[in-house]
Amino acid sequence: MTDRVRAHVFVSGRVQGVYYRASTRDAARETGVDGWVRNLDDGRVEAVFEGPEGDVRDMVGWCETGSEAAAVDDVDAEYGGPEGEDGFEVRW
């Protein structure tokens, strides 16, 4: 069994109002990782990805571009052990 990891990610730039969360959800589901994504009051997007390390790192890399309309300035990711996320959702 592949070891699972967790990435807690903060994305800054023009990432709200540009379908970033929906695109993240779609990419995560396609990649097969679990977790969630939500907007923060300060204009950033926060996401958690859990799954095999390669897939999680792929999603963190995906965040550097995001949706077609996004303009990402920075992606800050902290890695750790999984906490049992199941499925992927957009949180409000």
Side-chain angles (χ1 to χ4, degrees):
M1 181 175 167
T2 305
D3 287 339
R4 289 175 58 88
V5 299
R6 176 184 182 94
H8 190 181
V9 181
F10 294 92
V11 185
S12 59
R14 186 168 52 99
V15 292
Q16 291 190 12
V18 293
Y19 301 102
Y20 196 94
R21 289 175 302 159
S23 296
T24 302
R25 177 199 58 216
D26 294 347
R29 287 178 177 172
E30 185 175 309
T31 303
V33 300
D34 299 311
W36 50 266
V37 61
R38 68 178 173 186
N39 285 343
L40 296 176
D41 291 340
D42 64 7
R44 295 179 300 163
V45 167
E46 178 183 23
V48 164
F49 305 115
E50 285 189 9
E53 184 174 0
D55 293 341
V56 169
R57 289 191 182 276
D58 285 349
M59 281 306 305
V60 172
W62 180 93
C63 287
E64 294 175 7
T65 303
S67 65
E68 289 184 17
V72 176
D73 292 335
D74 187 52
V75 175
D76 181 29
E78 187 173 304
Y79 291 88
E83 296 181 10
E85 299 292 338
D86 185 23
F88 199 93
E89 67 181 5
V90 173
R91 291 190 176 171
W92 301 96

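Just so you know, residue 1 is the first one in the sequence shown, and it goes up from there.
Atom-to-atom distance recorded for Leu40:CG and Ser12:OG is 11.0 Å, nearest 0.5 angstrom. Considering CD of Glu89 and CZ of Arg38, their distance stands at 10.5 Å, rounded to 0.5 Å. Here CZ of Arg6 is found 3.5 Å from CD of Glu83. Values are rounded to the nearest 0.5 Å. A distance of 9.0 Å separates CG in Asp74 from CD in Glu64, rounded to the nearest 0.5 Å. Note that CZ of Phe49 is 9.5 Å distant from OH of Tyr79, once rounded to the nearest 0.5 Å. In this structure, Asn39 CG and Arg44 CZ are separated by 11.5 Å, a value rounded to the nearest 0.5 Å.
Enclosure of atom OH in Tyr19 is not indicated, since only 12 or fewer non-hydrogen atoms of other residues, nucleotides or ligands lie within 6.0 angstrom. Counted within 6.0 Å of CG on Asp86, heavy atoms from surrounding residues, nucleotides or ligands total 12 or fewer; the atom is thus considered open.
A side chain to side chain donor-acceptor pair (under 3.5 Å) check over residues 26-35, counting only residues at least two apart or in different chains, returns the pairs Arg4-Asp34.
In the hydrophobic cluster analysis, where Ile, Leu, Val, Met, Phe, Trp and Tyr join through side-chain heavy atoms closer than 4.5 angstrom, Trp62 is grouped together with Val11. With hydrophobic clusters built from ILVMFWY side chains whose heavy atoms lie under 4.5 angstrom apart, Phe10 does not share a cluster with Val37. Val48 and Val90 sit in two unconnected hydrophobic clusters of ILVMFWY residues. Membership requires side-chain heavy atoms under 4.5 Å apart, directly or through other members.
Using modelled atom types, no side-chain atom of Glu53 and backbone atom of Asp3 make a donor-acceptor pair closer than 3.5 Å. Without hydrogens or angle criteria, Glu85 side chain to Glu50 main chain gives no donor-acceptor distance under 3.5 Å.
What you find for Val9 and Cys63 is that their closest heavy atoms are CG1-SG, 4.4 Å. Closest approach of Ala70 and Val15 over heavy atoms only: CB-CG1, 4.5 Å. Nearest heavy-atom pair across Val45 and Gln16 is CG2-CG, 4.3 Å. Val56 and Gly51 make their closest contact through CG2-N, 3.3 Å (heavy atoms, listed as atom of the first residue, atom of the second, distance). What you find for Val18 and Ser67 is that their closest heavy atoms are O-OG, 2.6 Å. Here the closest non-hydrogen pair linking Phe88 and Trp36 is CE1-N, 3.4 Å.
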